[in-house]
Amino acid sequence: MIQITLPDGSVRQYESGVTALDIAKSISEGLARNVLSAEVNGEVWDATRAITSDASLKLLTWNDDEGKRTLWHSSAHLLAEALEAEFPGVKFGIGPPIENGFYYDVDLGSHTISSDDFTRIENRMKELAKRKSAYIRKEVTKAEAVAYFTEKGDEYKLDLLKDLEDGTITFYQQGDFTDLCRGPHIPDTERIKAVKLMNVAGAYWKGDEKNKQLTRIYGITFPKQSELDEYLRILEEAKKRDHRKLGKELELFTFSDKVGQGLPLWLPKGTALRERLVDYLKKAQTASGYVQVITPHIAHKDLYVCSGHYEKYGADSFQPIKTPAEGEEFFLKPMNCPHHCEIYKAKPHSYKDLPLRLAEFGTVYRYEQSGELHGLTRVRGFTQDDAHIFCRADQVKEEFVKVIDLVLMIFKALDFKDYVAQISLRDPENKAKYIGSDENWNKAEQSIIEAAEERGLNTVVELGEAAFYGPKLDFMVRDAIGRKWQLGTIQVDYNLPERFELEYTGADNQKHRPVMIHRAPFGSLERFVAVLIEHCAGIFPLWLAPEQAILLPISDKYNDYAKKVSQILKNYDIRAAVDERDERAGKKIRDAELSKIPFMLVVGEKEEQSGSVSVRKHGEGDLGSMSIEDFAGLIQQEISSAFN
RNA sequence: GCCGAUGUAGCUCAGUGGUAGAGCACUUCCUUGGUAAGGAAGAGGUCACGGGUUCAAGUCCCGUCAUUGGCUCCA
């Protein structure tokens with residue numbers, strides 16, 4: 001008999017050789033039907049694999065991320081089985097689960113596949129799934145594995161086998177399909193109830209562009225049809241929220257071929273929105289002890305040679321600007337940090353001056369690869385809400401706490417409720433690749449962890465994800481429909497202070513090197529606005545909306561009254577436009593609703609006589625009439641509630 | 001940068017070798033209106049750009065540029 005410890009701490013006795021599925025059955029049939037895989041002593045196993053010694057066990061279902069991954073990994077095998085049936089001779093690369101579903105890289109030889117073939121393949125997958133074929137794990141020797149794939153003629157699997165050690169190789173078989181695979185897999189194909197192939201794309205074998213390009217087929221599966229329906233609904237919703245579409249519809253920004261790709265043009269309404277974000281953050285930063293600076297858009301090559309960026313990125317950047325002087329070169333500013341270092345150096349510093357917090361809404365230019373450009377989220381010219389904090393090592397923690405507070409305040413004002421702080425630390429196995437002393441790194445890493453803890457952040461720690469110049473903390477935010485975005489970032493830097501030989505005089509009258517902290521709560525205004533648009537589906541918080549209200553006169557007889565009201569509202573700092581078009585009220589309301597203007601104020605004879613407005617709220621409808629003062633109060637109240 | 005798809009009016013799109021279209025937006029006129037589209041007329045195009053095939057090209061072919069789905073990248 002062996003002892004199995006369940007997550008609740010209870011211990012049960014089973015015969016050696018029992019499987020997770022057997023154990024699930026012994027608890028309840030319903031649980032057994034939902035089990036996809038199992039965590040055995042912390043390692044994910046097939047639910048059908050025999051357990052032969054005492055173990056801790058967690059049954060994994062669709063509600064566990066690892067359970068989902070198991071289903072999707074098995075679905076990739078099911079896709080492969082279907083492809084083999086539809087396209088005999090197809091060769092297979094790799095087929096892993098991903099964040100949403102799975103893919104399989106395949107070589108279809110002379111065949112081409114397009115989304116038109118998807119229905120046929122999906123149907124085949126569903127038909128194969130219904131057969132309830134078990135996923136059977138088989139340990140094989142390397143020689144057997146090589147023999148199998150040599151006979152099958154699958155050079156990609158043979159390539160994979162080269163890197164595997166004998167004794168660790170397993171095959172998985174379901175139905176007629178056998179694959180080289182570490183596993184684990186679900187018990188049988190019948191657990192896959194809903195299948196959807198999403199798209200097809202090219203992908204290089206092993207991600208190397210020198211290798212052959214394979215066809216990557218993306219799909220997703222679910223244990224219930226209703227889950228697939230919900231997933232597709234969210235995808236539709238995401239399309240409706242696409243910031244590129246809304247940016248055009250709401251007249252926020254545009255692009256022009258003549259101006260150049262990746263160079264956004266901010267339209268008046270988008271600019272109004274952006275300026276408001278800037279003002280908001282500027283005020284908050286001033287209150288937190290930042291000072292604003294301004295630096296030019298170009299800088300001498302020597303600056304970037306000193307910072308090291310010239311060596312690293314010079315060849316892949318916008319190329320130098322030449323001057324009439326022989327050999328003189330300037331570069332477009334790709335980041336603000338070196339400039340701020342020079343500002344730091346403009347005068348000597350005492351330990352008493354620190355921290356020095358230099359902030360700049362600095363526009364930078366980076367020559368991103370053309371294929372990377374995407375709406376406002378990836379552009380070639382953008383403005384960072386940048387600041388560099390120069391401080392003593394013993395101040396790092398306190399500064400982190402303050403920046404975290406700043407970021408959290410922004411998240412609150414913009415209604416981002418679901419976020420995780422990702423702390424990226426050194427790879428402890430490979431400390432040599434990082435610059436800076438061991439002591440400083442330890443201190444900084446500890447400071448970040450403590451700061452996050454102090455503010456009660458939900459954190460994940462990633463070892464080896466730190467930049468070579470310092471550890472960092474990034475905020476990963478989930479938007480209103482569950483998608484993840486990386487927004488605010490805080491990074492420690494030991495590199496630039498070294499390269500620029502930054503110093504301060506300590507209490508000991510000795511020269512010391514300050515620590516530099518880069519931080520950008522928005523990241524960049526472009527990217528942040530994009531995420532904000534998608535988060536709120538273009539319905540901005542009232543304080544940010546480019547137009548907060550629009551006056552809708554019933555006929556042109558009341559245009560003058562409408563203009564008068566809009567003036568009065570301006571005195572209350574309320575942004576109100578007037579729709580003076582010769583259109584009926586119904587039409588004006590419809591257009592205002594479509595432009596997502598928060599408040600519509602219908603005015604006609606009644607309102608003019610009583611000095612009131614008839615208020616309609618976007619998405620909610622008629623609120624009845626009220627005095628102009630009451631309406632102003634309503635707006636001010638709604639705005640202040642966003643900040644408390 | 002690489003592979004695939006796409007590019008027609010300001011916007012959304014139809015047009016598959018034979019005279020360039022629709023809806024919305026815009027302009028003018030009629031209408032003077034009450035909570036999601038009043039009516040009529042008008043204007044608007046080098047069919048991304050450049051080459052080619054053809055009696056004839058928005059349509060077929062090649063190249064370039066841009067957009068886009070991926071890959072790779074992101075100081």
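Here is the naming used below: chain letters follow the sequence lines, and residue numbers restart at 1 for every chain. Nothing here was measured: the structure is a model prediction, and the numbers come from that model.
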Could you give the CD-to-C1' distance, from A:Glu372 to B:U67, as a whole number of Å?
15 Å
Is the shortest side-chain N/O distance from A:His374 to OP1 or OP2 of B:G70 below 4.0 Å?
no
Need one value for A:Asp556: base, sugar-phosphate or nothing, where a base atom within 4.0 Å counts as base even if backbone is also close, heavy atoms only.
base
Taking Watson-Crick and G-U wobble contacts under 3.5 angstrom, with | marking pairs to another strand and [ ] crossing pairs, the secondary structure of RNA chain B is written (((((((..((((....[..)))).(((((.......))))).....(((((..]....))))))))))))....
May I ask you to verify if any side-chain N or O of A:Lys248 is less than 4.0 angstrom from the OP1 or OP2 atom of B:U12?
yes
Length of the line joining A:Arg216:CZ and B:U72:P, which is rounded to integer Å:
6 Å
Looking at every strand, decide which applies to A:Phe255 at a 4.0 Å heavy-atom threshold: base, sugar-phosphate, or nothing.
nothing
Pair of N/O donor and acceptor under 3.5 Å linking B:C74 base with A:Arg366 side chain:
no
Within the modelled atom types, does a donor on one side and an acceptor on the other bring the side chain of A:Gln261 and the base of B:U67 under 3.5 Å apart?
no
If you compare every side-chain N and O of A:Tyr365 against the phosphate oxygens of B:C74 (OP1, OP2), does one of them come in below 4.0 Å?
no
Does anything in residues 580-589 of chain A come within less than 4.0 Å of RNA chain B? Heavy atoms only, and list the residues if so.
A:Asp582, A:Glu583, A:Arg584, A:Gly586, A:Lys587, A:Ile589
Base B:G34 paired with A:Glu607 side chain (donor-acceptor, <3.5 Å):
yes
Integer-rounded Å distance: B:U12 P and A:Leu594 CG:
15 Å
